[in-house]
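Values reported hereafter were calculated over all heavy atoms of this structure, with side chains retained and with hydrogens, waters and symmetry mates removed.
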Amino acid sequence: MKKVSLVAVAATFFALSCSDETTIYKDTEDDISIEGSSSVLESSILLDEAGVIEIADENRITGKTAKGAAEEMAGDYPLTLVARIDPPSYSGGENLTASHVYIDGDFAYVSYNTVEDGYAGAIDIVDVSDPNEPRVTSRLYYTNADINSIAYSDSYVYAVGGVDSEKSVRATANSFVVKIPASNGRMNVSGDLLYGFQEGFNATDIKVTSNAVLVTSGKDGLLTAYNKSDLTILNDVSFADLRSVAVDNNTIAILDGSTGVSLLDNNLNLTKEIAIDSDFGLYSKRTLALSTDEIVVSEGSKGAGIYNRSTGALLEHVPILINPEGVAPSDIVTNAVAINENVLLMANGGAGLSLSEDQGDNTDLVGVIELTGSINYVASKGDYIFAASGKSGLQIVKLNRPSESLATRCSSLPFYFGSSNLNVNTGETKEYSGAKWFNTINVNGSLLLCGIWTVSNNTTINESGLFEMSGSLTIGRNNKRKNITVNKNATLRIEGNLTVYGDIILNDGATIEFLGDDNVVNVFGRVRKNGNTTVQGAFDDLRGAF
């Protein structure tokens with residue numbers, strides 16, 4: 001974030017609020033525009049690295065796994081990269097980076113700013129209802145303003161950023177909030193947009209409640225509560241260096257880079273302070289996340305601090321797992337944190353995106369997710385992770401958690417625990433449930449997998465072998481394509497979703513059979529039929545490979 005904020009986007013004076021420091025404006029379309037080209041939106045979705053992604057654990061990162069040691073075990077997180085979204089680009093806004101993500105239902109709302117000289121920003125709405133076909137459904141450009149944080153509620157996008165009040169005719173202060181009509185994944189700027197301004201070098205974060213819009217502004221700024229309907233001010237309170245705000249029930253938590261965490265009630269009265277002695281950096285993105293019992297804070301080079309929500313006591317620091325060569329120390333910092341059930345995600349800049357598990361009495365580091373770019377922000381909800389990776393754009397990762405109905409249906413099968421190279425010998429029958437990542441699968445006997453499974457490399461069903469899968473199976477990656485091969489008199493039986501970043505090879509005498517009516521096949525390569533082969537059952541062939 002810049003110390004000097006952005007250019008005002010207000011044009012026509014509308015009304016004064018009850019505070020001299022905040023003014024409400026309506027805006028014309030002079031400084032904003034909507035992307036009208038569907039081809040531009042479509043070309044923003046990049047699938048070049050889509051597919052199975054691995055998690056590098058501590059042993060692999062540190063090189064402690066010696067040659068000849070025990071074989072690598074199958075991983076507990078069968079992650080797939082759905083797509084990467086290229087940052088918007090336009091004249092004067094060629095160096096935009098994703099600054100924030102908000103997830104609501106089937107849509108992700110993404111804000112962009114620039115760390116370069118000059119001021120430029122944008123907002124994207126991304127439809128992720130179909131994980132096989134994410135779409136950018138709407139894009140708005142700001143030609144003279146960065147957008148630092150974003151939220152959505154009741155058919156409106158709310159975004160915050162900064163204004164350069166010295167260059168603006170109307171702005172009375174540097175930080176702004178805007179309310180933009182949006183429905184069905186599309187923003188509407190045909191009418192006036194509502195703006196509010198408040199003191200502070202830059203508006204840093206936003207949360208929307210049932211009746212209020214909470215906005216933080218850093219460096220001599222405010223926590224301001226706006227009326228949700230018209231953005232008139234309800235209340236405000238001053239702080240030295242606000243970075244982030246989080247809300248849980250009737251508790252408001254704010255992160256002040258000069259002191260630590262403060263807890264407030266709905267009237268912005270202070271109820272508890274948690275002093276944190278960490279270097280939060282100057283004008284840097286830092287966030288906090290609330291769970292039922294804990295507060296997780298991104299603390300720069302210290303990693304993530306976990307504090308007891310009731311007492312404020314420090315429970316533990318979760319460190320940054322790796323120190324990559326060639327990366328400046330200033331870029332090896334925890335910029336943001338996110339909680340999804342028992343998973344803690346840390347956006348560690350040049351040290352990547354780390355994943356940890358809450359074990360109740362401690363946090364267990366799982367590893368670093370295989371993503372490119374410097375990870376500046378992370379959000380996670382449901383089955384998805386959204387990682388903002390600088391100029392590499394936004395990366396959408398699917399956790400591939402088993403559904404409740406699938407877990408119930410497979411409850412009689414043992415969960416898989418074993419090697420990442422799954423081999424079934426001739427005459428053997430193996431049956432498992434669960435959700436795992438594999439390096440390879442090689443079937444000579446009979447194998448049933450019930451759950452969510454990913455395979456980084458080739459999968460082979462050899463002569464007379466049987467591989468049955470109920471749930472979801474993903475093989476390969478778009479920039480590292482791998483195949484699934486069904487050999488003579490072998491059978492591949494699918495009930496669910498099959499995604500192959502590579503080819504399906506059916507050799508003479510091979511059979512592929514689909515059970516039920518809800519099967520989906522997504523093949524990024526070809527279906528190669530060598531001789532007499534059999535394809536049976538109903539399925540949705542997304543790319544026409546068959």
J.: Between Thr97 and Lys391, is there a donor-acceptor pair closer than 3.5 Å when you use the side chain of the first and the backbone of the second?
T.: no
J.: Taking it one step at a time, do Tyr195 and Leu193 satisfy side chain to side chain contact (heavy atoms under 4.5 Å, CB included)?
T.: CA-CA 7 Å; Tyr195 285 81; Leu193 306 185; 3.8 Å; yes
J.: Report yes if the side chains of Val366 and Ile55 come closer than 4.5 Å at any heavy-atom pair, otherwise no.
T.: yes
J.: Quick check: closest heavy atoms across Leu371 and Gln395, and the distance to 0.1 Å?
T.: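 Taking every non-hydrogen atom into account, CD2-OE1, 3.5 Å.
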J.: Determine the minimum heavy-atom distance between Ile332 and Val327, stating which atoms define it.
T.: CG1-CG1, 3.7 Å
J.: To the nearest 0.5 Å, how far apart are CD1 in Ile45 and CZ in Arg84?
T.: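 It is 10.5 Å, given to the nearest 0.5 Å.
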J.: When Lys207 is tested against each of Val215, Ile252, Val245 for side-chain contact (heavy atoms from CB on, under 4.5 Å), which residue passes?
T.: Val245
J.: Run the salt-bridge test on Arg543 and Glu133 with the 4.0 Å N-O cut-off and return the result as yes or no.
T.: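 Salt bridge: yes.
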J.: Measure the CG-CG distance between Leu268 and Asn235 for me, rounded to the nearest 0.5 Å.
T.: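 CG of Asn235 is found 4.5 Å from CG of Leu268.
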J.: Could you list all the side chain to side chain donor-acceptor pair (under 3.5 Å) pairs where at least one residue sits in residues 177-186, not counting sequence neighbours?
T.: none
J.: With a 4.5 Å cut-off on side-chain heavy atoms, are Leu263 and Ile295 touching?
T.: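 Yes, side chains in contact.
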J.: Search all heavy atoms of Asn335 against all heavy atoms of Asn376 and return the closest pair with its distance.
T.: CB-O, 3.2 Å
J.: Any side-chain donor paired with an acceptor under 3.5 Å for Arg139 and Ser44?
T.: yes
J.: How about Arg243 and Lys285: do any of their side-chain heavy atoms sit closer than 4.5 Å?
T.: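 The answer is no, as the side chains (C-beta and beyond) never meet within the 4.5 Å cut-off.
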J.: Quick one: does any side-chain atom of Ser175 pair with a main-chain N or O of Gly200 as donor and acceptor, under 3.5 Å?
T.: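 Such a contact is found between Ser175 side chain and Gly200 backbone.
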J.: Between Tyr142 and Val178, is a side chain to side chain contact (heavy atoms under 4.5 Å, CB included) present by the stated rule, with each step listed?
T.: CA-CA 12 Å; Tyr142 272 84; Val178 59; 3.7 Å; yes
J.: Is there side-chain contact between Leu255 and Phe280, with heavy atoms separated by less than 4.5 Å?
T.: yes
J.: Supply the atom-to-atom distance Asn522 CG to Asp540 CG, rounded to the nearest 0.5 angstrom.
T.: 9.5 Å
J.: Could you walk me through whether Lys228 and Asp154 pass the side chain to side chain contact (heavy atoms under 4.5 Å, CB included) check?
T.: CA-CA 10 Å; Lys228 187 177 178 181; Asp154 297 331; 2.8 Å; yes
J.: Can you check whether Ile233 reaches Gln198 side chain to side chain, under 4.5 Å on heavy atoms?
T.: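 No, side chains not in contact.
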J.: Spell out, as yes or no, whether a donor-acceptor pair under 3.5 Å connects the side chain of Arg286 to the backbone of Gly281.
T.: no
J.: Please answer whether the main-chain N or O of Ser229 pairs with a side-chain N or O of Asn227 as donor and acceptor at a distance below 3.5 Å.
T.: yes
J.: Atom OG of Ser380 and atom CD1 of Ile339: how far apart are they, to the nearest 0.5 Å?
T.: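 Reported value, rounded in 0.5 Å steps: 10.5 Å.
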J.: Looking at every heavy atom in both Pro324 and Ala351, which two are closest together, and how far apart are they?
T.: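 That closest heavy-atom pairing would be CG-CA, 4.0 Å.
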J.: So do Phe539 and Leu498 actually touch side chain to side chain, heavy atoms under 4.5 Å?
T.: no
J.: Is the side chain of Ser262 donor-acceptor paired with the backbone N or O of Ile254 at a distance under 3.5 Å, no angle test?
T.: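 Judged by distance alone, no pair lies under 3.5 Å.
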J.: Has Thr137 got a side-chain atom pairing as donor or acceptor with Ile125's backbone, closer than 3.5 angstrom?
T.: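 Checking the backbone N and O of Ile125 against the side chain of Thr137, a donor-acceptor pair under 3.5 Å is found.
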J.: Quick one: pull up CG in Asn266 and CG in Leu214 and give me the separation to the nearest 0.5 Å.
T.: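 Spacing of CG (Asn266) from CG (Leu214) equals 8.5 Å.
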J.: Name the residue from Thr474, Thr454, Asn400 that meets the side-chain hydrogen bond (donor to acceptor under 3.5 Å, both in side chains) definition with Thr80.
T.: Asn400
J.: Is the backbone N or O of Phe546 less than 3.5 Å from a side-chain atom of Asp541, with the two atoms forming a donor-acceptor pair by type?
T.: yes
J.: Strictly below 4.0 Å, N to O, side chains only: are Arg401 and Asp383 in salt-bridge contact?
T.: no
J.: Give, for atom CG of Leu96 and atom CG of Asp124, the distance between the pair rounded to the nearest 0.5 Å.
T.: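 It comes to 9.5 Å.
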J.: Testing the 3.5 Å rule here: is there a donor-acceptor pair between the side chains of Ser99 and Asn148?
T.: no
J.: Does any non-hydrogen side-chain atom of Phe239 lie less than 4.5 Å from one of Thr259?
T.: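 The answer is no; the side chains never approach within 4.5 Å.
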J.: Measure from the side-chain N and O atoms of Asp130 to the backbone N and O of Asn132, and report whether any donor-acceptor pair falls under 3.5 Å.
T.: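 Yes, because the side chain of Asp130 sits within donor-acceptor range (under 3.5 Å) of the backbone of Asn132.
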J.: Compare all side-chain heavy atoms of Ser472 with those of Trp453 and state whether any distance is below 4.5 angstrom.
T.: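 No, every pair of side-chain atoms sits at 4.5 Å or beyond.
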J.: Does Asp518, at its CG atom, have more than 12 non-hydrogen atoms belonging to other residues, nucleotides or ligands within less than 6.0 Å?
T.: no
J.: Assign the ring pair Phe107 / Tyr109 to parallel, tilted or perpendicular, where the plane angle (0 to 90°) is split at 30° and 60°.
T.: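 Rings of Phe107 and Tyr109: tilted, as their planes differ by 30° to 60°.
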J.: Going by side-chain hydrogen bond (donor to acceptor under 3.5 Å, both in side chains), name the residues that satisfy it together with Ser155, two or more places apart in sequence or in a different chain.
T.: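 By the side-chain hydrogen bond (donor to acceptor under 3.5 Å, both in side chains) rule, Ser155 matches no residue at all.
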J.: Which atom pair, heavy atoms only, marks the closest approach of Met346 to Thr334?
T.: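 For Met346 and Thr334, the tightest heavy-atom pair comes out as CE-OG1, 3.6 Å.
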J.: If we count only N and O atoms by modelled type, under 3.5 Å, do the side chains of Asn202 and Tyr283 hold a donor and an acceptor together?
T.: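 Result is no, nothing qualifies.
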J.: Where is the tightest heavy-atom contact between Leu223 and Thr216, given as atom of each residue plus distance?
T.: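 Of all heavy-atom pairs spanning Leu223 and Thr216, the closest is CD1-CG2, 3.9 Å.
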J.: Could you go through Ser129 and Arg135, starting from their C-alpha distance and side-chain angles, then the distance that decides it, and tell me whether this counts as side chain to side chain contact (heavy atoms under 4.5 Å, CB included)?
T.: CA-CA 9 Å; Ser129 59; Arg135 297 181 299 120; 5.7 Å; no
J.: Has the side chain of Asp256 got a donor or acceptor atom that lies under 3.5 Å from a matching backbone atom of Asp241?
T.: yes
J.: If we ignore hydrogens and angles and just use 3.5 Å, is the side chain of Glu35 paired with the main-chain N or O of Ser37 as donor and acceptor?
T.: yes
